[in-house]
Amino acid sequence: MRQWKVWNGCAVGVMAVLMLVGCATTSSRKSTDEFLDDATITTQVKSSLVADPLLSASAISVETTQGVVHLTGTVKSEQERHRAIQLVQGVAGVREIIVRDLVVQR
């Protein structure tokens, strides 16, 4: 009887481990590396925008998902809009830039 309890306990433990392994990262979830890369890209983009004297960086929001940078907000001129895009293009790891929500103040 005692041996049966030991085997039963081991079987439950093995099943628990297998279930945890099966629930590990799936393709639909972002890995930790992707999250860190996106955070790094966002930080570098924001730093570039803040450091540029031609831009009002506080009016521009930056969000990065899988290397795709989304710029949103309002800029004073078309030149500022182009400058923001230019700065983002210079950041390593950026795969695409979406600026449809970065509008020129009228």
Side-chain angles (χ1 to χ4, degrees):
M1 181 73 149
R2 184 169 187 252
Q3 188 176 11
W4 174 253
K5 286 183 181 181
V6 171
W7 282 103
N8 195 19
C10 289
V12 169
V14 169
M15 292 297 287
V17 169
L18 289 175
M19 286 177 21
L20 286 174
V21 170
C23 292
T25 304
T26 62
S27 61
S28 65
R29 294 185 183 178
K30 289 172 62 167
S31 70
T32 305
D33 291 339
E34 281 182 300
F35 179 75
L36 290 175
D37 289 342
D38 287 345
T40 301
I41 291 170
T42 298
T43 301
Q44 290 176 349
V45 168
K46 287 181 178 182
S47 296
S48 296
L49 296 175
V50 168
D52 194 287
L54 302 175
L55 291 175
S56 176
S58 63
I60 302 173
S61 296
V62 180
E63 211 174 295
T64 308
T65 306
Q66 296 179 342
V68 178
V69 177
H70 299 263
L71 298 179
T72 59
T74 305
V75 292
K76 295 177 186 171
S77 66
E78 194 62 40
Q79 289 78 17
E80 279 192 19
R81 187 173 189 274
H82 286 295
R83 181 64 181 152
I85 294 167
Q86 190 178 37
L87 291 171
V88 175
Q89 288 171 335
V91 174
V94 174
R95 294 184 355 192
E96 184 180 348
I97 306 167
I98 298 177
V99 293
R100 66 177 161 258
D101 295 325
L102 184 62
V103 295
V104 177
Q105 187 178 25
R106 304 249 180 231

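Heavy-atom basis, side chains included; hydrogens, waters and symmetry copies ignored.
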Taking salt bridge (Lys or Arg N to Asp or Glu O under 4.0 Å) as the cut-off, I'd like each qualifying pair that reaches into [range], sequence neighbours left out, listed once.
range          : value
residues 64-74 : none
residues 64-78 : Glu78-Arg81
residues 39-48 : none
residues 55-74 : none

CD/Glu96 to CD/Gln66 distance, rounded to the nearest 0.5 angstrom?
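CD of Gln66 is found 11.0 Å from CD of Glu96.
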By side chain to side chain contact (heavy atoms under 4.5 Å, CB included) - contacts of [X] (at least two apart):
X     : result
Thr74 : Val103, Gln105
Val94 : Ile41, Val69, Val88, Val91, Ile97
Ser77 : Gln79, Glu80

Any pair counted as side chain to side chain donor-acceptor pair (under 3.5 Å), so long as it reaches residues 50-59, sequence neighbours left out
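Applying side chain to side chain donor-acceptor pair (under 3.5 Å) to every pair that reaches into residues 50-59, excluding sequence neighbours, yields Asp52-Arg83.
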For Val50, what are the other residues in its hydrophobic cluster, where any two members join if their side-chain heavy atoms are less than 4.5 angstrom apart?
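ILVMFWY cluster around Val50 holds nothing else.
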Looking at residues at least two apart in the chain, or sitting in another chain, which of them share a side-chain hydrogen bond (donor to acceptor under 3.5 Å, both in side chains) with Thr42?
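Partners of Thr42 by the side-chain hydrogen bond (donor to acceptor under 3.5 Å, both in side chains) criterion, ordered by chain and then number, come out as Thr64.
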Against His70, only a single residue in Val99, Leu102, Ile98 fulfils side-chain contact (heavy atoms from CB on, under 4.5 Å); can you say which?
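Single side-chain contact (heavy atoms from CB on, under 4.5 Å) partner of His70 among Val99, Leu102, Ile98: Ile98.
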Among the clusters formed by ILVMFWY side chains lying less than 4.5 Å apart, do Val45 and Val68 turn up in the same one?
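No, because Val45 and Val68 fall into different hydrophobic clusters, even though each may have its own neighbours under 4.5 Å.
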So if you build clusters from Ile, Leu, Val, Met, Phe, Trp, Tyr with side-chain heavy-atom gaps below 4.5 Å, do Leu54 and Val104 land together?
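Different clusters: Leu54 never reaches Val104 through Ile, Leu, Val, Met, Phe, Trp or Tyr contacts under 4.5 Å.
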Can you list everything that forms a salt bridge (Lys or Arg N to Asp or Glu O under 4.0 Å) with Asp101? Sequence neighbours excluded, please.
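For Asp101, no residue satisfies salt bridge (Lys or Arg N to Asp or Glu O under 4.0 Å) once neighbours in sequence are set aside.
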